[in-house]
Every structure is written in structure tokens, then in C-alpha cells.
Amino acid sequence: MAVQPLESLEAIAEHHLRNMDILHKRALLLRADGRTDSEAADLEGVSVGTMKSRLGVASSEIAMCLPPGRKLTGELRGAWVQGHLACCLADAVEQLSGSAA
């Protein structure tokens, strides 16, 4: 059996979202850092519902690059975050690094 290409991972690596709303970026980073929705909401001063909404919008933006029929998993979302810390997420990383996050 031939090895299939890792299309989803390749797409995630190439999918830049520098113009994503900063609040959505912060939500992604807080979750990737292991914060629960409740903890992230408390840190951002918003409701849990608002935090879930921010994560949903950010996840949808990431998922747009996936091949047809593929779904965005938590692992793929984390791969996107890890792969884009220095480019797309740099401004949010800087903000959160300067705060008590």
C-alpha cells in the first residue's frame, strides 16, 4: 500500500491568516496553551459563550484551507497554531507575553 500524502497538514502549513481578528488569535493561543474555555474567558474578561464563539470563528477560518471532506480537529488546529506562531500569530503572542497570561 502506497503512503498517502498528508494533505491536511500541508494545507495547514501553507494557510496564512495574518489578518485574523486579534481577539480570535488570542483565543486560539490561550486554548493551545492548555487553558479551558472558562479559564481563557476569565483571562480575556468575557463570557464562556463569547470565548467559544471566538474559537469557533477562528477554527472556521483555519478549516477553510482543508481538502474537501476533511474536518478540522483539535490536533489540526493545534498544528496551525504551532506552525504560525512567528507569522500570523506574532502580534497576539506579543500581547499575551506582555500580560499575565
Side-chain angles (χ1 to χ4, degrees):
M1 175 188 253
V3 175
Q4 297 297 315
L6 299 174
E7 292 174 337
S8 294
L9 288 174
E10 291 172 359
I12 289 286
E14 295 172 5
H15 188 56
H16 292 278
L17 293 167
R18 288 180 184 91
N19 293 325
M20 179 187 284
D21 186 281
I22 191 74
L23 298 175
H24 298 149
K25 293 178 183 184
R26 289 171 63 101
L28 285 171
L29 288 168
L30 290 169
R31 284 308 309 269
D33 191 46
R35 310 296 176 124
T36 65
D37 287 339
S38 179
E39 291 169 337
D42 286 345
L43 287 168
E44 293 291 279
V46 298
S47 70
V48 173
T50 296
M51 183 55 59
K52 287 181 179 183
S53 176
R54 289 177 183 176
L55 287 166
V57 170
S59 295
S60 293
E61 290 184 33
I62 294 168
M64 289 175 26
C65 74
L66 295 175
R70 302 285 172 89
K71 294 185 178 185
L72 184 69
T73 63
E75 292 85 359
L76 285 173
R77 186 173 69 187
W80 186 88
V81 169
Q82 179 62 39
H84 295 272
L85 287 171
C87 52
C88 302
L89 297 170
D91 53 349
V93 169
E94 184 178 336
Q95 282 185 6
L96 289 172
S97 295
S99 70

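- Leu23 and Leu43 are members of different hydrophobic clusters when ILVMFWY side chains are connected at heavy-atom separations under 4.5 Å.
- With sequence neighbours excluded, no residue satisfies side chain to side chain donor-acceptor pair (under 3.5 Å) with Gln82.
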Using residues 52-61 as the side-chain source, report each donor-acceptor pair under 3.5 Å to any protein atom, sequence neighbours left out, with the distance given to one decimal.
residue: Ser59; atom: OG; partner: Leu55; partner atom: O; Å: 2.8
residue: Ser59; atom: OG; partner: Arg77; partner atom: NH1; Å: 3.1
residue: Ser60; atom: OG; partner: Gly56; partner atom: O; Å: 3.0

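- Qualifying side chain to side chain contact (heavy atoms under 4.5 Å, CB included) partners for Ala92, counting only residues two or more places apart in sequence or in other chains: Ile22, Lys25, Arg26, Leu29.
- Under the 4.5 Å side-chain heavy-atom criterion for grouping Ile, Leu, Val, Met, Phe, Trp and Tyr, Leu6 is connected to Val81 within one hydrophobic cluster.
- The closest side-chain heavy-atom distance from Glu44 to Leu96 is below 4.5 Å.
- Considering only residues two or more places apart in sequence or on other chains, Ser38 meets the side chain to side chain donor-acceptor pair (under 3.5 Å) condition with none of them.
- Every pair tested for ring pair (Phe, Tyr, Trp, His ring centres under 6.0 Å) that includes a residue from residues 55-74 fails, sequence neighbours excluded, so the list is empty.
- Here Glu39 pairs with Arg35, Thr36 under the side chain to side chain contact (heavy atoms under 4.5 Å, CB included) rule; sequence neighbours left out.
- Listed by chain and number, the residues in a side chain to side chain contact (heavy atoms under 4.5 Å, CB included) with Cys65 are Ala11, Ile12, His15 (sequence neighbours excluded).
- Listed by chain and number, the residues in a salt bridge (Lys or Arg N to Asp or Glu O under 4.0 Å) with Arg31 are Asp37 (sequence neighbours excluded).
- Residues meeting the ring-ring contact (aromatic ring centres under 6.0 Å, His included) test with His84, sequence neighbours left out: His16, Trp80.
- When side chains are defined from C-beta on, Leu76 counts as touching Leu66, because their heavy atoms get closer than 4.5 Å.
- The side chain to side chain donor-acceptor pair (under 3.5 Å) search around Ser47 returns Thr50, not counting sequence neighbours.
- Within the structure, no pair that satisfies the ring pair (Phe, Tyr, Trp, His ring centres under 6.0 Å) test touches residues 29-57, not counting sequence neighbours.
- Annotation: the span from His24 atom NE2 to Leu17 atom CG amounts to 12.0 Å, rounded to 0.5 Å.
- Pairs passing the ring pair (Phe, Tyr, Trp, His ring centres under 6.0 Å) check and including a residue from residues 41-69, sequence neighbours excluded, do not occur.
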